[in-house]
Amino acid sequence: MAQKPSIPKGTRDFSPSEVAKRNYIVQKIQEQFQKFGFQPIETPSFENSDTLMGKYGEEGDRLIFKILNSGDFLRKADQKAYDAKDSLKITSSISEKALRYDLTVPFARYVVQHRNELEFPFKRYQIQPVWRADRPQKGRFREFFQCDADVVGSDSLWQEVEFVQLYDAVFSSLNLEGVSIKINNRKILSGFAEVIGESDKLIDFTVALDKLAKIGEDGVKKEMQEKGISAEAIGKIQKVFGLKGTFSEKISVLNDILETSEIGRKGIEELEFVNNAIKNLGLETAQLELDVTLARGLNYYTGAIFEISAPEEVQMSSIGGGGRYDDLTGIFGLSDVSGVGISFGLDRIYLVLEELELFPETITPNVKVLFINFGNKESLYCLKAVKQLRRAGIATELYPEEVKMKKQMNHANKRDIPFVVLAGGEEMEQQKFTLKNMKSGEQEMLSLTELQNRLKNE
RNA sequence: GUGGUUGUAGCUCAGUUGGUUAGAGUGCCUGAUUGUGGUUCAGGAGGUCGCCGGUUCGAACCCGGUCUUCCACCCCA
């Protein structure tokens, strides 16, 4: 070994048991996606840069992985930017492709491109990796998987209701209890900004408000003031900082705060609609919670905003998010198509399930029976049986080498293979097989039909 | 992108103010046991001390850089 090989920062290999667990999660999510009427699509792992750039805010642009142009890219580089060592400016002249940053923007691009083939409202799901040039932390990777479900072409609030139900259905089927579905509405946030007369500082305002739980009321106010929002203005929405109680209790305080804001009142109306519907329909294990400080991933959301918090005992930030975006396809030339969707963070859900020990034990697909190899004549005899067992749906293997039985048994043991078949000269004479149960140690001599039935019933 | 932190055998980790040949547990291989695994016993293999450079008679240990891990900020699944 000349040099230890390695993989890039923030990426991971997945070994068999990890893949099994990841597949388990994906399968549960996929199952619900399909039950709710979503159809799968896939898009390329990289897009044209201009499809992605500028869609996630300034910070987002920085986190997009750019792909260097092929060939003699320096010859075509922006000479001025090059001389000035201006990395930001030179990028567009040396890179015209980039790895996708999420699944929503590529989907919007897809919808616009395929608009004539699609039947609206169009419901799609998509489970693929995305890439972000972020600095890794626990639960933060540079390559990770998102599982998205979106609907385009319907501005009905019943879609929001359906997505809350979908979240609940998925987490219930994963036996993950205590998940909190936090909901907010961009119109509420716009309402706040309007009431304090700072509509043009909406983003700064909401980014600061989002940190309430983390840095506290004083911290938020301080940050807002640093962004140029006056103390008097902030005072006008003082009640926001002490918002407590049930969904309806919070709504009634919001009614008070946002009385003068038309857009704010619209936001309240939408939240109430969703809440009333959910109250009527009920949720299995999750709970719906109004959180007016919720503002992440705000850039293209226009209505509902969702974020999923893991159960409180786990230290993990959001494991999912989503919202409504009224004009995402507008950027690509198709206006008046409203979209709404949600995303599941596969990698974080994995970490949560692992920590809470919620993965079923029998999750790793495994061979059920290993035939011991006694030599060529015996192997041929065994392989005939192996073939029949496989046809009967039983995962079966013959040990490939004629080595010491101890080694072969050990191999079965290490791989947790529950049964071993021994078939040597004696068995061949009687046209039988000795089946050994590796757990109990019991063994018996059976005909092929008996062997098959026995394994089938296990 | 800013600040901090981590790295020693396949894995989990010791390693004294810098001092011969860097250790343990576990795992691995061989044998006790040529048609019977897990337990036990005996033996064995396995290390560029993340990497590069510096200080020193001498570096796993001190210094600088770099990569990686995790944490905080930023942002986010």
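Residue numbers start from 1 in every chain, and the chains themselves are labelled A, B, ... in the order their sequence lines are given, proteins ahead of strands.
Nucleic acid contact class of A/Glu427 (heavy atoms, under 4.0 Å, all strands): base. Counting non-hydrogen atoms under 4.0 angstrom, A/Gly424 reaches a base of the nucleic acid. Within the 4.0 angstrom heavy-atom criterion, no nucleotide atom of any strand lies near A/Gly375. Residue contacts shown for A/Phe344 are absent, as no nucleic acid heavy atom lies under 4.0 Å away. At the heavy-atom level, A/Gly60 lies nowhere under 4.0 Å from the strands shown. Counting non-hydrogen atoms under 4.0 angstrom, A/Gly57 reaches nothing in the nucleic acid. Heavy atoms of A/Gln137 sit under 4.0 angstrom from at least one base atom. Nucleic acid contact class of A/Asp347 (heavy atoms, under 4.0 Å, all strands): none. Using a 4.0 Å heavy-atom distance criterion, A/Leu422 is classed as a base contact.
For the pair A/Val292 and A/Leu243, the tightest heavy-atom approach, listed with the atom from each and the gap, is CG2-CD2, 3.6 Å.
Straight-line distance between the C1' atoms of B/U6 and B/U66: roughly 15 Å, to the nearest whole Å. Distance noted for atom C1' between B/A22 and B/U16: 14 Å (whole Å).
Here B/C76 presents its P atom at 8 Å from CD of A/Glu59, a figure rounded to the nearest Å. Summarising the geometry, the separation between NZ on A/Lys414 and C1' on B/U26 is reported as 13 Å, rounded to the nearest angstrom. The nearest whole Å value for the distance from the CZ atom in A/Arg62 to the C1' atom in B/C76 is 11 Å.
The shortest distance between the side-chain N/O atoms of A/Lys406 and the OP1/OP2 oxygens of B/U36 is not below 4.0 Å. One finds a side-chain N or O of A/Lys211 lying less than 4.0 angstrom from the OP1 or OP2 phosphate oxygen of B/C74.
Judged by centroid separation below 5.5 Å and plane tilt below 30°, A/Phe145 does not stack onto the base of B/A77.
Across all strands shown, B/U5 has no partner, as no Watson-Crick or G-U wobble contact with both distances under 3.5 Å is found. In this entry B/G35 has no Watson-Crick or G-U wobble partner, no candidate having both defining distances under 3.5 Å. B/C62 is paired with B/G54 under the criterion used here, namely a Watson-Crick or G-U wobble arrangement in which both key atom distances are under 3.5 Å. Pairing for B/U26 goes to B/G10, judged as Watson-Crick or G-U wobble with the two contacts each under 3.5 Å.
For B/C75, the base has no donor-acceptor partner in the side chain of A/Arg135 [N/O atoms by modelled type, under 3.5 angstrom]. A/Asn413 contributes a side-chain N or O that forms a donor-acceptor pair with the base of B/G37 under 3.5 Å.
Residues A/Gln126 and A/Thr43 bring a donor and an acceptor atom of their side chains to less than 3.5 Å of each other.
Listed candidates were B/U69, B/G35, B/C70. Nearest to the side chain of A/Lys138 is B/C70. Out of B/U68, B/U36, B/C76, the shortest distance to the side chain of A/Lys436 is found at B/U36.
The aromatic rings of A/Tyr350 and A/Phe359 are tilted relative to each other, their planes meeting at an angle between 30° and 60°. In this pair, A/Phe433 and A/Phe371 present their aromatic rings perpendicular. The plane angle is above 60°, beyond the 30 to 60° band.
Test A/Leu346, A/Asp134, A/Thr11, A/Asp347 against A/Phe144 for side chain to side chain contact (heavy atoms under 4.5 Å, CB included) and you get one pass: A/Asp347.
Residue-to-nucleotide proximity on RNA chain B shows that, of A/Gln443 and A/Ile215, the 5′-proximal contact is made by A/Gln443. In terms of position along RNA chain B, the nucleotide closest to A/Lys214 lies nearer the 5' end than the nucleotide closest to the other residue of the pair A/Ser343 and A/Lys214.
If you look at A/Phe65 and A/Tyr101, their ring centroids are not closer than 6.0 Å.
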